[in-house]
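All chains are named by letter (A, B, ...) in the order of the sequence lines, taking the proteins before the strands, and each is independently numbered beginning at 1. Quick note: numbers below take in every heavy atom, side chains included, and nothing from hydrogens, waters or symmetry partners.
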2 protein chains.
Amino acid sequence: MSDGDINTKMAVFQEKCRQAGLKITPQRLAVYRALILSNEHPSADVLYRQLRRDFPSISLDTVNRTLLTLTQIGVAFVVEGSGQARRYDGNLENHQHFRCVNCGKVIDFHCEQFNDIPIPDDIEENFVVLRKTVYLEGLCQSCKSELNSQGAPRLNITK
Amino acid sequence: MSDGDINTKMAVFQEKCRQAGLKITPQRLAVYRALILSNEHPSADVLYRQLRRDFPSISLDTVNRTLLTLTQIGVAFVVEGSGQARRYDGNLENHQHFRCVNCGKVIDFHCEQFNDIPIPDDIEENFVVLRKTVYLEGLCQSCKSELNSQGAPRLNITK
DNA sequence: CTTACTGCAAACCATTTGCACGATC
DNA sequence: GATCGTGCAAATGGTTTGCAGTAAG
């Protein structure tokens with residue numbers, strides 16, 4: 001990513017913060033910048049260790065809280081299923097999962113078309129693929145109506 | 001699932017245990033049975049509470065350890081990313097993730113074809129879909145060669 | 001009779017919460 | 001100056017580990 005791209009993203013981010021009524025703090029900017037500069041889908045801890053170098057007073061809590069905020073204003077998201085208690089599936093037949101971001105339920109669904117998706121050549125050649133699945137995230141039927149009846153839903157991807 | 005189906009699965013499971021040199025214990029059978037009877041992708045804790053009803057002496061540790069064993073002999077798997085520290089992604093462009101089950105790294109890849117997958121009607125109608133992604137799991141390039149050079153790899157999906 | 005499995009307790013790690021101080025608007 | 005954000009400390013929840021007793025092969 002070029003310096004220009006980064007500056008643009010930082011500007012957009014600051015604008016989003018203002019729109020959301022969030023204050024622009026050095027910590028917030030630093031966490032967001034570190035996140036978009038990373039391509040390793042970092043955990044809070046990884047970012048924290050990194051940020052501490054340039055920002056010795058930053059705390060892990062702030063990193064955690066800031067990352068949560070970033071997902072809430074829609075400038076970041078949580079990598080598939082991470083941060084949830086480990087869940088097991090004993091059904092080895094080909095199927096897909098939908099996860100409700102509100103209640104955490106994982107619901108099976110089936111779709112022929114999904115099973116037939118080919119794996120890209122560059123992956124097939126250099127990696128060993130053990131599992132392939134389509135993953136959907138959103139609101140399940142009951143959470144959808146629950147949130148509708150409450151008015152403005154505040155979607156919290158990490159819940 | 002019919003009683004016949006369950007009995008078949010239990011028999012296959014016992015055979016797999018023997019092949020893997022694992023002892024057939026009442027706890028192991030109970031955990032596996034509870035898992036395949038559940039369609040809610042349970043966590044260890046959920047299974048534990050359920051199992052305790054019929055098996056008051058079972059411990060949460062045994063459930064945890066047994067579930068790990070089940071993934072190792074290939075009769076169960078861990079639901080996408082669950083059980084890992086929460087990881088964040090600040091890249092909102094359409095892309096897919098490959099997760100290495102050995103080192104935990106999450107690697108981005110791109111594939112036009114994946115972006116165009118339609119969401120099944122029954123999901124589209126009853127759920128709110130906020131994110132759609134193809135998720136691959138396996139061994140990355142470096143772990144692949146590392147494990148090759150070590151001889152028989154013992155794949156541990158949860159690591 | 002040997003080896004592996006289980007249950008318990010303690011340790012560990014990631015995440016959350018309450019609170020007082022400090023910074024932003 | 002009011003409100004929100006931060007850092008600290010403690011609490012919580014999930015998972016792992018070491019160990020001694022117990023059960024399976």
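- Between Phe77(B) and His97(A), the angle of the ring planes stays under 30°, which puts this pair in the parallel group of the 30/60° scheme.
- The end-to-end axis angle of the helix from dC1(C)-dG25(D) to dC25(C)-dG1(D), rounded to 10 degrees and based on five pairs per end, is 40°.
- Here Arg99(B) does not pair with Glu80(A) in a salt bridge; the nearest charged N to carboxylate O distance is not below 4.0 Å.
- Every side-chain hydrogen bond (donor to acceptor under 3.5 Å, both in side chains) that Thr62(A) has, sequence neighbours left out, goes to Ser59(A).
- Within the 4.0 angstrom heavy-atom criterion, no nucleotide atom of any strand lies near Ser43(B).
- One N or O donor and one acceptor, one from the side chain of Arg65(A) and one from the base of dG7(D), sit under 3.5 Å apart.
- The nearest whole Å value for the distance from the CZ atom in Arg86(A) to the C1' atom in dA14(C) is 13 Å.
- Checking His95(A) against Asp89(A) by side-chain atom types alone, a donor-acceptor pair falls below 3.5 Å.
- Phe127(A) has its ring centre less than 6.0 Å from the ring centre of Phe98(B).
- Atom CD1 in Ile24(A) sits about 6 Å away from atom P in dC25(C), given to the nearest Å.
- Taking only side-chain nitrogens and oxygens, Ser59(A) comes nearer than 4.0 Å to OP1 or OP2 of dG7(D).
- Residue order along DNA chain D, read from the 5' end via each residue's closest nucleotide, puts Asp45(B) first among Leu22(B) and Asp45(B).
- Side-chain proximity of Gln27(A) to dT15(C), dG7(D), dA23(D): nearest is dG7(D).
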Before you tell me yes or no, could you show the steps for Asp45(B) and Arg49(B) under salt bridge (Lys or Arg N to Asp or Glu O under 4.0 Å), namely the whole-Å CA-CA distance, both residues' side-chain angles and the distance that decides it to 0.1 Å?
CA-CA 6 Å; Asp45(B) 192 62; Arg49(B) 288 167 205 270; 2.7 Å; yes
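- Mapping Thr25(A) and Ala85(A) onto DNA chain D via the closest heavy atom, the residue that lands nearer the 5' end is Thr25(A).
- Contact annotation: Gln84(A) does not reach the phosphate of dG14(D) (side-chain N/O to OP1 or OP2, under 4.0 Å).
- Contact of Asp61(B) with dA9(C) (side chain to base): a donor-acceptor pair of N or O atoms is detected under 3.5 Å.
- Here the side chain of Asn64(B) is nearest to one of dT15(D), dT16(C), dT6(D), namely dT15(D).
- Under the rule for a ring-ring contact (aromatic ring centres under 6.0 Å, His included), the partners of Phe13(B) that lie at least two apart in sequence or sit in another chain are Tyr32(B).
- Distance CG (Leu68(B)) to P (dT6(C)): 12 Å, rounded to an integer number of Å.
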